[in-house]
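The structure appears below as structure tokens.
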Amino acid sequence: MLAGPGSAAAETEPQHQEPEPDCSVERCVALTFDDGPDEFTEELLDTLNTHGAAATFYLLGSKVEDHSATVERMAAEGHEVGNHTWDHPELPELSTEEIQEQVGRTDEAIAEVTGEAPRTMRPPYGELDQTVRQTVDHPMLLWDVDTLDWQSLDPEAVTDVAVEEAAQGSVVLFHDVHETTVEAVPYVLKELDKQGFTFVTVDQLFDGQELEPGASYNHARPDGGPEYGDDTELEEAPRPGDGTELQDTPEPGDDDGLEGDDGLEGQPETGDDPWLQ
Ligand code: NI
């Protein structure tokens with residue numbers, strides 16, 4: 001559309017920058033995209049922009065310089081840029097110094113482009129142990145909905161998982177290194193929009209809640225989330241009280257969810273993404 005001489009500057013800003021969503025009232029969901037930036041990321045940004053949807057990108061530091069314009073665009077269009085390590089190692093296999101380097105180098109590469117270091121990070125494969133927790137100086141964002149997009153490579157299957165499993169406060173895992181995932185996103189947005197969802201960044205999803213460095217979070221679901229089966233562990237309830245509300249699950253006697261660490265490591269296939277496959 002042509003802008004008339006009287007057009008306010010605000011009318012030209014992307015929709016998702018105004019107004020700030022209120023996730024204590026709105027049905028918010030955070031769509032997250034890992035392992036980029038890559039060749040399909042620009043198309044994904046176009047799609048998100050068309051729908052006025054915000055998202056969070058967990059980037060590999062090693063890819064940032066080659067796609068710096070894309071990373072700059074992410075930040076400029078209101079998306080959150082997170083840290084997914086330098087080159088996707090299994091962090092529990094590394095020394096403290098190596099973990100620090102993986103995270104620190106990536107922070108620097110992103111800050112170089114966006115002017116701001118990431119606030120949150122996502123450990124590759126969701127793999128965590130006590131050393132990782134004690135070493136990583138960021139809150140660690142996992143997910144409660146895994147689209148398994150790297151496995152199905154099928155836009156319809158990806159859409160079905162996202163649409164059927166997303167709930168208020170969910171963090172949904174995708175990988176924008178797959179063209180099939182990027183093809184699915186317009187359908188995911190359309191269907192979740194019909195269900196009344198607002199698409200927000202992780203930062204907006206947790207809306208003022210203080211996320212602690214070294215702690216991990218799966219979601220911000222006011223319903224306490226699903227009963228966790230095999231595919232994701234309940235690491236730590238992001239809101240006090242929510243973590244103990246899983247139905248039909250015996251009280252662990254310890255609601256900090258730390259048992260989940262070992263459970264996840266025992267099932268590497270479920271937290272996997274395609275990086276090493
Ligand atoms: Ni990954």
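All values reported here derive from a predicted model rather than from experimental measurement. When a ligand or atom number is given, it counts from 1 through the structure's own listing order. When a residue number appears, it is its place in the shown sequence, counting from 1.
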Where does the angle between the aromatic ring planes of Phe57 and His79 fall among parallel (under 30°), tilted (30 to 60°) and perpendicular (over 60°)? perpendicular
What angle, in degrees and rounded to 10°, do you get at the Ni ion (ligand 1) when you join it to NE2 of His88 and to NE2 of His84? 90°
For a distance under 2.8 Å, tell me if His175 has an N/O/S atom near the Ni ion (ligand 1). no
Could you identify the N, O or S atom of Asp35 positioned closest to the Ni ion (ligand 1)? OD1
Can you tell me if Glu156 has over 12 outside heavy atoms packed within less than 6.0 Å of its CD? no
For Tyr58, the option from Asp35, Thr120, Asp34, Thr32 that meets side chain to side chain donor-acceptor pair (under 3.5 Å): Thr120
For the residue pair Asn83 and Asp107, confirm or rule out a side-chain donor-acceptor distance under 3.5 Å. yes
